[in-house]
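Just so we're on the same page: letters track the sequence lines, and every chain starts at 1. The figures here come from the full heavy-atom set of this structure, side chains too, leaving out hydrogens, waters and symmetry mates. All values derive from a computational prediction rather than experimental measurement.
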2 protein chains.
Amino acid sequence: MEAVVLAAGQGLRLEEEDLKPLSKVLGLTLVERSILTLRDAGLEEIVLVSGFKGLVLSDFLAERHPQVKVIENEDWPGGSATSVLAARNHVGDRFLVVMCDHIFEPAVLRALLSVQGSFVAAVDSHPQYVDVAEATKVCVQQGRVVKIGKHLEDFNAVDAGALVCSRELFAITKTCLDRGKGEWNDIKREWVEVLHRDMKAYDLRGAFWLDVDTGEDLKRARKFLLGRLPRSRDGIVSRYLNRRLSCLLTGFLVETRLSPNQLSGLSFVLAVLSGALFFFGLYPLVALSGLVAQLASVIDGCDGEVARLKHMTSQYGGWFDAVLDRIGDAAIIFGMTHGLYVMTGQPQVWSLGFLALTASLVVSYMESRYESAFGSKMSLGRTAVPAKRDARLFVVMLGGLINQVGLALVALTLLASIEIARRLWIGYRRADV
Amino acid sequence: MEAVVLAAGQGLRLEEEDLKPLSKVLGLTLVERSILTLRDAGLEEIVLVSGFKGLVLSDFLAERHPQVKVIENEDWPGGSATSVLAARNHVGDRFLVVMCDHIFEPAVLRALLSVQGSFVAAVDSHPQYVDVAEATKVCVQQGRVVKIGKHLEDFNAVDAGALVCSRELFAITKTCLDRGKGEWNDIKREWVEVLHRDMKAYDLRGAFWLDVDTGEDLKRARKFLLGRLPRSRDGIVSRYLNRRLSCLLTGFLVETRLSPNQLSGLSFVLAVLSGALFFFGLYPLVALSGLVAQLASVIDGCDGEVARLKHMTSQYGGWFDAVLDRIGDAAIIFGMTHGLYVMTGQPQVWSLGFLALTASLVVSYMESRYESAFGSKMSLGRTAVPAKRDARLFVVMLGGLINQVGLALVALTLLASIEIARRLWIGYRRADV
């Protein structure tokens with residue numbers, strides 16, 4: 001199945017110098033975001049129709065995404081329908097049409113593609129992220145789109161700008177163009193209102209999608225995309241502190257050329273640095289060490305965030321990050337223990353350090369080993385013990401700031417041990433079920 | 001789909017006092033092994049036909065496997081065909097018939113069940129584990145059984161004693177019984193040789209299966225089942241040493257009531273004991289500590305082996321075992337480090353202990369985290385670095401025996417660090433593919 005991306009328009013409402021498809025949101029041009037989203041949704045064959053400043057666009061894509069087939073539509077001033085028609089020799093029986101300036105989640109497109117039917121339109125009965133006044137409205141009856149238009153009064157959803165079509169579309173498009181109707185919406189209206197043909201409505205029900213017309217929209221897209229980064233499985237420190245800071249940082253980092261794996265490496269280097277600073281057991285330095293550990297913890301969120309924003313998530317990246325995190329954890333606890341030994345001269349602190357290290361690593365091990373055995377995340381219930389990495393490194397920071405490294409190691413050990421016991425118990429109960 | 005287990009015969013060739021279905025191989029009666037294998041193959045509805053000493057058998061099953069439907073066949077002296085007929089009111093359109101005295105792997109039955117067709121017989125063109133002279137032979141032509149019999153001369157496979165049937169069978173069985181043909185083989189012969197009906201042959205091609213008729217067969221079954229325990233992913237020490245010892249031990253342990261989880265616990269206790277003995281840094285004790293660590297490593301194989309032999313494997317069991325292993329690893333390395341510190345008085349040994357612990361735990365973490373990310377085992381290539389648990393605990397034993405705990409810690413650290421670097425490299429290359 002092919003995807004047709006319409007990117008021929010002039011984008012007059014965008015007060016930017018750039019060509020609209022090349023406007024950037026969070027380090028990624030609109031056109032690249034479209035392409036990567038389609039690819040993540042499982043669509044490998046992408047046909048992009050350019051028009052206004054088409055040469056600039058095709059040069060850009062030839063360099064970055066040579067697999068994308070770029071079709072130059074010289075008739076673009078005649079309206080978006082001419083762009084749809086321009087794709088006719090490059091698609092099969094059934095294909096998806098999207099706008100270059102619409103931002104979707106891949107999961108939304110995947111769900112749309114799984115719906116049976118020759119014509120299936122993505123509509124949204126509860127739009128959350130778009131200005132309804134500016135949107136194309138639709139009237140849906142019994143799961144079918146029956147009316148469509150910008151100024152519809154009896155609408156119950158808006159058109160989300162993604163339509164699965166069959167080839168029948170092209171004949172209609174030609175007829176419409178001959179009659180001077182040149183917009184993509186004209187074709188859809190012809191289909192449902194004049195020809196009374198079938199167009200299924202797939203309701204997004206408030207899922208994330210938006211379109212970008214103005215400079216204001218670009219800013220809103222940025223805000224919404226950043227706002228979607230926190231994860232339901234974030235630990236308590238992450239939820240209230242780290243994620244907020246990392247999202248802020250990510251807003252900048254995503255504009256740079258730093259890759260997610262490089263950010264994982266940076267977080268690792270900071271963890272090792274924190275351990276090295278703790279190593280000497282000198283007070284003001286110890287406070288700095290704690291802060292560096294916390295910074296490592298914050299940056300540890302940025303790699304995944306940048307990866308998600310730039311469609312660069314990979315299983316390898318997640319694995320690499322997690323392995324470096326464990327070695328970083330060990331470096332910090334080693335540094336703390338050595339520093340504490342220097343400060344106190346008591347060899348017993350080494351035993352404490354061993355306990356803290358073992359408990360910390362085993363908590364992480366239990367989680368990943370559980371996933372590898374059961375193929376799903378361990379559901380840990382509501383009463384979470386703060387023993388994940390975010391909480392552990394927060395404890396490290398507090399211990400460093402108040403120069404109570406020993407206390408921090410005791411706290412780490414206790415929190416992690418309680419969590420280990422709790423997880424063994426959860427696993428044991430689950431096994432009985 | 002139902003499974004019918006034929007368990008009515010007298011088992012005259014078995015020189016044991018027990019009822020044949022209640023003869024034990026490796027701690028499990030033949031009848032329970034049949035039931036558990038069928039269940040592992042996905043068959044939940046099991047109908048067992050008893051005959052000779054039927055009351056003993058039904059009492060046994062009522063207590064241990066109340067979900068199994070036991071049908072008493074009073075006509076059992078008339079031959080095995082009467083037992084098939086006795087099941088007629090308890091099965092649907094398509095069902096599987098197996099003998100209680102045949103041992104299969106669940107995977108073999110699953111594969112058989114996935115073959116389309118009203119009649120599908122499991123046959124074996126390359127029988128590895130049965131006495132062909134005693135077996136029922138079949139002649140297979142173009143994927144169909146065309147002749148069947150104990151004394152067939154032009155055979156090209158043997159009947160493995162598992163047949164998928166349709167209800168049509170029962171009418172034939174009645175006719176045969178009326179004509180005085182009472183054996184299960186008579187019915188099959190009638191079907192293919194007299195009626196020339198279709199019976200697909202599913203060739204097991206030397207897969208593991210055997211039948212138990214004599215006391216000698218019981219011993220062979222035991223030997224073969226134990227011989228199948230080593231795993232392709234075993235480390236080098238496991239392959240040449242631990243697995244041989246653990247298989248020997250498992251031969252005894254499987255006859256006891258010790259559960260696999262209890263054996264995991266035992267291995268953990270031994271690891272902690274080893275750490276506790278290392279703790280004091282006293283030489284002859286250190287040698288014992290090393291031996292206890294190695295014993296823990298051997299017993300660590302027994303839990304999984306007993307679980308597989310008794311059809312008690314569980315995702316939880318594997319997880320529980322792995323988590324205890326990591327804590328046990330830490331206990332041993334902690335004990336070694338503390339003992340070394342007592343012996344040498346040098347605080348630097350603690351740093352060495354930290355390194356050894358971190359490297360050991362990270363090797364294990366990398367493996368499970370990889371599986372949770374990629375959903376498959378990490379393929380580690382041919383040139384394996386001996387850094388898995390079997391090799392690590394073997395190094396610990398050697399270090400203890402020659403009183404070179406420090407050297408053992410250095411070796412642990414080096415082996416594990418090389419393996420960590422190697423795995424990062426493998427993961428990195430894989431990510432590029």
**Request:** Counting only heavy atoms closer than 4.5 Å, note whether B:Ile333 contacts chain A via side chain, backbone, both or neither.
**Result:** both
**Prompt:** Taking every heavy-atom pair that is under 4.5 Å apart, which of A:Leu324, A:Thr337, A:Leu355, A:Asn261 has the most such pairs with chain B?
**Reply:** A:Thr337
**Option that, when pairs with chain A are counted at under 4.5 Å, heavy atom only, ranks first among B:Ala359, B:Ser314, B:Gly318** = B:Gly318
**Gap separating the CZ atom of B:Phe320 from the CZ atom of A:Arg369, nearest 0.5 angstrom** = 13.0 Å
**Non-hydrogen side-chain atoms of B:Met378 and A:Trp319 separated by less than 4.5 Å** = yes
**Message:** Does B:Arg231, at its CZ atom, have more than 12 non-hydrogen atoms belonging to other residues, nucleotides or ligands within less than 6.0 Å?
**Reply:** no
**Request:** Could you tell me whether the side chain of B:Glu371 and the main chain of A:Ser372 form a donor-acceptor pair under 3.5 Å?
**Result:** no
**Request:** For this output row, return yes or no: ring centroids of B:Trp350 and A:Phe354 closer than 6.0 angstrom.
**Result:** yes
**Item:** Separation of A:Arg326 CZ from B:Ile420 CD1 (nearest 0.5 Å)
**Value:** 12.5 Å
**Request:** Would you give the length of the straight line joining atom CD1 of B:Ile327 to atom OH of A:Tyr365, rounded to the nearest 0.5 angstrom?
**Result:** 10.5 Å
**Asked** Between A:Tyr341 and B:Pro347, which heavy-atom pair has the shortest distance, and what is it?
**Response** OH-CB, 3.3 Å
**Request:** Identify which of B:Gly375, B:Ser376, B:Ser364 forms the greatest number of heavy-atom pairs closer than 4.5 Å to chain A.
**Result:** B:Ser364
**Complete:** Tightest non-hydrogen contact, residues B:His338 and A:Ser351, listed as CD2-OG, 4.4 Å
**Item:** Gap between atom OG1 of B:Thr358 and atom CG of A:Leu357 - 0.5 Å precision
**Value:** 4.5 Å
**Asked** Got a second to check how far B:Ser368's OG is from A:Glu367's CD, nearest 0.5 Å?
**Response** 10.5 Å
**Request:** May I ask you to check whether over 12 heavy atoms, not counting those of B:Gln67, lie within 6.0 Å of atom CD?
**Result:** yes
**Message:** Tell me whether A:Phe374 at atom CZ has more than 12 heavy atoms from other residues, nucleotides or ligands lying less than 6.0 Å away.
**Reply:** yes
**Asked** Which atoms of B:Val362 come close to chain A, meaning under 4.5 Å heavy atom to heavy atom: side chain ones, backbone ones, both, or neither?
**Response** side chain
